[in-house]
Amino acid sequence: MNDNLHQLRCFGCGARIAGAEAQPDFRCAECGDLFEVEYPGWVQRRGPDRPNAGALKWLWRERRMSSEALDQSGVWRFRELLPILDSFGNAVSLREGNTPLYHLPRTAKALGIDQVFAKHQGMNPTSSFKDTGMTAAMSVARERRYEWVACASTGNTSAAMAASAARAGLRSLVLIPEGKIAWGKLSQAMDYGAVTCQLKTDFDGCLTVLTEIVRSNPIYLLNSVNPYRLEGQKTPAFEIAEAFDWNVPDHLIVPGGNLGNSSALGKVFREMHELGLIARLPRISVIQAEGANPLVRSFAANGATELQPVEAHTRATAIRIGNPASWRKAARAIQSTGGWCLDVSEAEIAIAKAELGAEGLGCEPASAVTLAGLKKLHAQGNVASGETVVLVLTGHTLKDADYTIDFHRGTLLNPEEAAGYEKQIAALRRDAIAVDATPAAVLAAMKGASK
Ligand code: F0G
């Protein structure tokens with residue numbers, strides 16, 4: 001059976017090409033913009049390739065009982081809406097997806113918002129949302145018989161790629177900015193056997209070098225400029241919609257780095273709406289760190305018609321990106337859904353992360369921008385109290401344990417960054433206490449601890 005119903009459409013000039021015709025850097029030969037996967041059969045209302053919304057909802061639910069490997073993947077369970085392979089038998093899966101959607105009652109109460117949830121994509125096999133996109137693009141790499149795959153990364157993409165390549169029996173090359181990624185992530189790339197090169201540049205510099213390499217070597221590029229990555233990253237939206245019985249939440253809040261994830265979510269809700277799976281679109285808001293906020297600046301300067309690249313600085317290293325590739329797609333996701341794009345400070349990120357921790361949901365700093373952003377949006381009057389909001393938590397807390405320990409020890413932020421937030425920070429800090437090895441000393445420590 002041929003499972004392949006897709007073609008690629010340039011986001012800039014609209015040129016259409018077959019999937020296998022894409023250039024190695026996934027840039028349009030006509031205008032240099034990025035491609036999106038499109039499925040021509042979906043638009044013909046009575047055509048044989050247009051999926052039937054009701055039948056799919058039923059089928060996807062049935063598959064939750066299945067013991068087939070493909071059905072147990074939270075990506076390939078939805079494969080009717082991912083017809084990107086000649087054969088689904090070529091899929092490379094680590095049983096990604098199927099991540100939990102947690103209710104956040106304390107956060108909701110503190111903000112006076114009815115329902116706040118966290119979709120925890122850090123609960124994936126390599127502990128970040130990247131696994132969902134990686135299974136899709138790695139499967140294409142295997143089907144097209146590549147021997148080598150590669151990515152530039154702030155850490156999570158490389159972890160996901162290295163693991164998936166190892167499963168597929170492919171070699172993998174990782175380019176990372178030296179000294180600027182969290183150890184947990186670096187250790188994963190090593191563990192899964194990638195060739196890992198630390199370059200004396202930032203993420204954007206790594207991607208530039210890699211782009212040059214893939215243009216003249218048979219290596220498959222697995223950054224999110226690869227449109228198949230974004231197809232896999234659509235699937236958390238199916239899970240969210242399914243969890244709400246196909247009544248979508250009012251608002252989704254995502255972190256913004258290279259802006260692939262927000263682009264994928266914008267695309268999938270539009271497609272679900274067009275196919276009749278959902279009746280309306282949720283707002284999609286993108287939150288960046290203040291020191292890595294090119295999209296926020298672009299909205300302010302020119303309504304996001306032109307990118308304003310920055311030299312990026314933030315301790316949320318996952319989103320330390322100044323020249324994001326998918327900015328146009330992300331801008332469309334925000335504009336077409338009525339969402340917002342804003343930035344949050346280092347102190348706001350650290351506090352939000354500790355607050356999520358106090359709800360029992362660890363995450364990495366880049367994920368915590370979502371809660372920091374929600375607080376800001378609420379304060380600005382852009383989120384009403386009756387709304388249902390979903391924060392997309394992108395990475396697991398153990399990815400960057402140093403950050404968490406520094407926060408609780410009080411060594412993370414400098415005094416200027418913490419200015420005005422001292423009380424909130426003090427209330428959230430839980431440093432380990434050195435006590436004598438006696439029951440009395442331990443009990444005294446318990447009594448002295450703040451609630
Ligand atoms: N959150 C985490 C934990 C990430 O690792 C990333 C991106 C983002 C958010 C931003 O997502 O790029 O789709 O806007 N990490 C990439 C990497 C760049 O190399 O792992 P985005």
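For the single chain, residues carry numbers from 1 onward in sequence order.
When only modelled atom types and interatomic distance are considered, E96 and S73 share a side-chain donor-acceptor pair under 3.5 Å. A donor-acceptor pair shorter than 3.5 Å can be found between the side chains of H103 and Q115. Between the side chains of N293 and Q288, no donor-acceptor pair of N or O atoms lies under 3.5 Å. Residues S93 and W76 have side chains that never bring a donor and an acceptor to within less than 3.5 angstrom of each other. Using modelled atom types and a 3.5 Å distance limit, the side chains of T314 and E346 yield a donor-acceptor pair. In summary, the side chains of S66 and Q72 do not present any donor paired with an acceptor at a separation below 3.5 Å, with no hydrogens or angles considered. Residues K130 and Q121 have side chains that never bring a donor and an acceptor to within less than 3.5 angstrom of each other. A side-chain donor-acceptor contact under 3.5 Å links E231 and Y39. Of the N and O atoms on the side chains of K353 and T404, at least one donor lies less than 3.5 Å from an acceptor on the other residue. Between the side chains of T126 and D131, a donor-acceptor pair is found at a separation under 3.5 Å.
The environment of CD in E147 is sparse: at most 12 heavy-atom neighbours from other residues, nucleotides or ligands sit within 6.0 Å.
For the ring-ring contact (aromatic ring centres under 6.0 Å, His included) with H6, the lone residue among Y228, F35, W42 that qualifies is Y228.
A salt bridge between K234 and E239 is absent, with no side-chain N of the basic residue lying under 4.0 Å from a carboxylate O of the acidic one. Looking at R77 and E68, no side-chain N of the basic residue comes within less than 4.0 Å of a carboxylate O on the acidic one, giving no salt bridge.
Residues R270 and K267 are in side-chain contact: their nearest non-hydrogen atoms beyond the backbone lie under 4.5 Å apart.
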### Task
Would you sort out whether S298 and Q308 count as a side-chain hydrogen bond (donor to acceptor under 3.5 Å, both in side chains), showing the intermediate values?
CA-CA 5 Å; S298 310; Q308 303 257 302; 5.8 Å; no

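A donor-acceptor pair is defined here as one N or O able to donate and one able to accept, closer than 3.5 Å; no such pair exists between the side chain of S367 and the backbone of C363. With hydrogens and angles disregarded, no donor-acceptor distance shorter than 3.5 Å links the side chain of N258 to the backbone of G260. Judged by distance alone, with hydrogens and angles left aside, the side-chain atoms of S158 form no donor-acceptor pair with the main-chain N or O of S153 at under 3.5 Å. No side-chain donor-acceptor contact under 3.5 Å links T388 to the backbone of P249.
In this structure, Y220 has its ring center at least 6.0 angstrom away from the ring center of W148.
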